[in-house]
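Quick notes on the structure that follows.
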Amino acid sequence: MTRYIFITGGVVSSLGKGLASAALGALLQARGFTVRLRKLDPYLNVDPGTMSPFEHGEVFVTDDGAETDLDLGHYERFTGVSARRTDSVSSGRIYSTVLEKERRGDYLGKTIQVIPHVTNEIKDFINIGDGEVDFCLCEIGGTVGDIEGLPFFEAIRQFSQDKPRGQCIFMHLTLLPYLAASGELKTKPTQHSVKELRAIGIAPDVLVCRSEHPIPDREREKIGLFCNVRKEAVIAAYDLKSIYEAPLAYHREGLDQAVLDAFGISPAPRPNLSRWDDVMDRLTHAEGEVRVGIVGKYTQLEDAYKSIVEALTHGGMAHRVRVRAEWIDAEIFGREDASPMLEGLHAILVPGGFGERGTEGMIKAAQYAREHQIPYLGICLGMQMAVIEAARNLASLPDAGSEEFDHESSGERRFTPVVYHLKQWVQGNHTVARKVGDNKGGTMRLGAYTAKLTPGSKVSDIYNATSIEERHRHRYEVDMTYRDALEDHGMIFSGLSPDAKLPEIIEVKDHPWFIGVQFHPELKSKPFAPHPLFADFVRAAKDVSRLV
Ligand code: GLN
């Protein structure tokens, strides 16, 4: 039997619902339960794939090729459970399914309404995989009271009625603001938020209260009384130095106990928190610091590179060193010589991105790393830029570039495309084909693909394997036609697709650490299982930091 935990938020946004959900998932696992986490987003985009990283942060890609909310990244990092396409849904997706069904005539001429047609679609979604795990945690995006959130709240209310009694609980996150003038924590916004929730028929079983100050017992009692929640189920959530403290901190405050009590699971299995003790030990007992420059386009919003920052932290944990990410706007190279900004860095990372803006800066960063023997990790666009750099400066192709920067439809050609728009490829045992005019969301190579690594190459040593699976999200590919010319100059194609048609990894010979990958290794890194590429990249940076 699967039990359901619905997580909602009130008072203000950005309270850390995703993190609380992920930490609760980890705590339930620590007590021996199996979990799955889901995100239900009220916005109208069909998925976040077409949203700007400036708006919405990173797009998290699953093994099965869905472009999802970055909260799914938290879920995976805390639980190690690989998310699936069916773990993320938006109003846009729900409505488009309902409208498709209506056009197909599936509703047999009925009037289509939010209740029951939209709410049924949401309930069906939540119920996917029922029975597979002990707990399914469903986080509802946004804040109670948002207009577009209403169908989701109504659907989870109905869902809890449809299931036998005691199989669903509601957890609500709120904020206790502190008034410095009177030196008090105020509970009124929480009371109002719960009132709003109860008005739509949902009575929370557990309240998680974000607070910058300790919550005195009498305030806890008051919240319990006014919100009709047991005092022990009013859980404090204080600010944390690191997100990875969350499981232990929530456990100390009694979150997992309160949740199991709400389900009447007694006696509760004892938790084994050794995984999180070890994570905290590595985080708090780091020696020294390495400086990693991230040369990208979306550097104003760190959330745009969420998984990369986390994967670097995990790499640091593997080698007990702190990683300081230094953000360098790639566009700056267009205005001035930015190499002074790269001096003194222990490693350079060029992350993924779309469009031409900033790419000349990324190319210069790759050149700097190659020529100065600085460890370089190029991810997706970062690999493509390293190849363009080598083509221009080593293989005598001064106008090398990517088809992404020339407008295919206009026929304009400024570059020799060493990176081209791939329109047909093999996935597993079938061929996928795309046209230029296809829907924006559907034209990419998305999700997990296998890569074969050359035995004896640096990457096969790092992975300790000759076959790997990593997640992709891109339209363009490095052109194999240039392989020989580049390999003659020391840029080796050390990872290829199984049919040997697509380059997956390049590395530079005679360099301490220069690797470009067409996929996104950051998506699979965990604090308790750092990704080998990130771990070894940080190790290389640590070696450089010891030299200077
Ligand atoms: N824009 C490039 C492409 O589509 C790289 C994408 C990425 O970095 N994720 O191939």
Side-chain angles (χ1 to χ4, degrees), residues 47-54 56-63 65-68 70 73 294-299 301 303-309 311 330-331 348-363 365-366 376-389 391 400-408 415 417-425 427 432 434-436 438-449 451 470-480 482 495 497 501-506 515-524 533:
D47 65 41
T50 53
M51 285 188 197
S52 158
F54 288 120
H56 196 69
E58 162 187 284
V59 173
F60 190 80
V61 182
T62 58
D63 279 333
E67 297 180 279
T68 70
L70 54 73
I294 303 181
V295 184
K297 173 172 155 189
Y298 317 108
T299 46
L301 181 73
D303 265 2
Y305 302 117
K306 188 79 198 151
S307 295
I308 288 184
V309 177
E331 270 188 282
I348 294 173
L349 188 154
V350 175
F354 292 83
E356 185 175 6
R357 197 151 57 80
T359 49
E360 288 301 323
M362 299 171 198
I363 291 169
Y376 177 90
L377 174 57
I379 294 180
C380 208
L381 187 66
M383 158 167 156
Q384 299 173 356
M385 295 307 108
V387 169
I388 291 173
E389 189 278 314
S402 168
E403 242 181 7
E404 183 171 9
F405 316 145
D406 274 332
H407 295 288
E408 287 176 69
F415 298 111
V418 296
V419 177
Y420 68 104
H421 190 173
L422 181 77
K423 303 198 183 74
Q424 189 163 313
W425 63 89
Q427 179 168 32
V432 187
R434 299 280 189 250
K435 295 190 296 297
V436 176
D438 281 351
N439 271 345
K440 262 261 182 293
T443 56
M444 282 196 271
R445 195 146 84 91
L446 282 168
Y449 284 84
E470 293 279 8
R471 296 183 195 167
H472 289 245
R473 180 175 185 248
H474 56 106
R475 284 188 190 89
Y476 299 84
E477 301 280 346
V478 169
D479 193 335
M480 285 291 260
Y482 299 95
S497 59
K501 288 200 172 131
L502 303 172
E504 292 275 1
I505 305 177
I506 55 99
I515 293 175
V517 293
Q518 189 55 74
F519 46 79
H520 290 274
E522 71 276 18
L523 302 178
K524 284 174 72 167
L533 273 180

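When reading the values below, keep in mind they use all heavy atoms of this one structure, side chains included, and skip hydrogens, waters and symmetry mates. First listed ligand is number 1; within each ligand, the first listed atom is number 1. It should be emphasised that the depicted structure is a prediction, and the values quoted were computed from it without experimental measurement.
- Annotation: atom 4 (O) of ligand 1 to nearest protein heavy atom, R475 N, 2.9 Å.
- Checked against side chain to side chain donor-acceptor pair (under 3.5 Å), E58 has the following partners two or more places apart in sequence or in another chain: S307.
- Checking G353, G382, G296 against atom 6 (C) of ligand 1, the nearest heavy atom belongs to G353.
- Counting only heavy atoms of the protein, atom 7 (C) of ligand 1 lies nearest to C380 SG, 3.0 Å.
- Close approach of ligand 1 to R473 is summarised as follows: ligand atoms under 4.0 Å from at least one heavy atom of the residue are 6 (C), 7 (C), 9 (N).
- The closest protein non-hydrogen atom to atom 10 (O) of ligand 1 is Y476 N, 2.9 Å.
- Taking CZ from R471 and CG from L446, the interatomic distance works out to 12.0 Å, rounded to the nearest 0.5 Å.
- Note: an N/O pair closer than 3.5 Å links E404 and ligand 1 by distance alone.
- Counting heavy atoms closer than 4.0 Å to ligand 1, residue M444 contributes nothing at all.
- For E404 and R475, the salt-bridge test fails: no basic side-chain N is under 4.0 Å from an acidic carboxylate O.
- With rounding to the nearest 0.5 angstrom, the CG atom of D479 is 10.5 Å from the CG atom of L422.
- The shortest N or O to N or O distance between G355 and ligand 1 is not under 3.5 Å.
- Residue contact annotation: Q518 has no non-hydrogen atom under 4.0 Å from ligand 1.
- With values rounded to the nearest 0.5 angstrom, E477 atom CD is found 5.0 Å from Q518 atom CD.
- With rounding to the nearest 0.5 angstrom, the CZ atom of R445 is 10.5 Å from the CZ atom of F519.
- Contact annotation: for H520 versus ligand 1, heavy atoms closer than 4.0 Å belong to the side chain alone.
- Note: H472 and Y449 have perpendicular aromatic rings, judged against thresholds of 30 and 60 degrees for the angle between ring planes.
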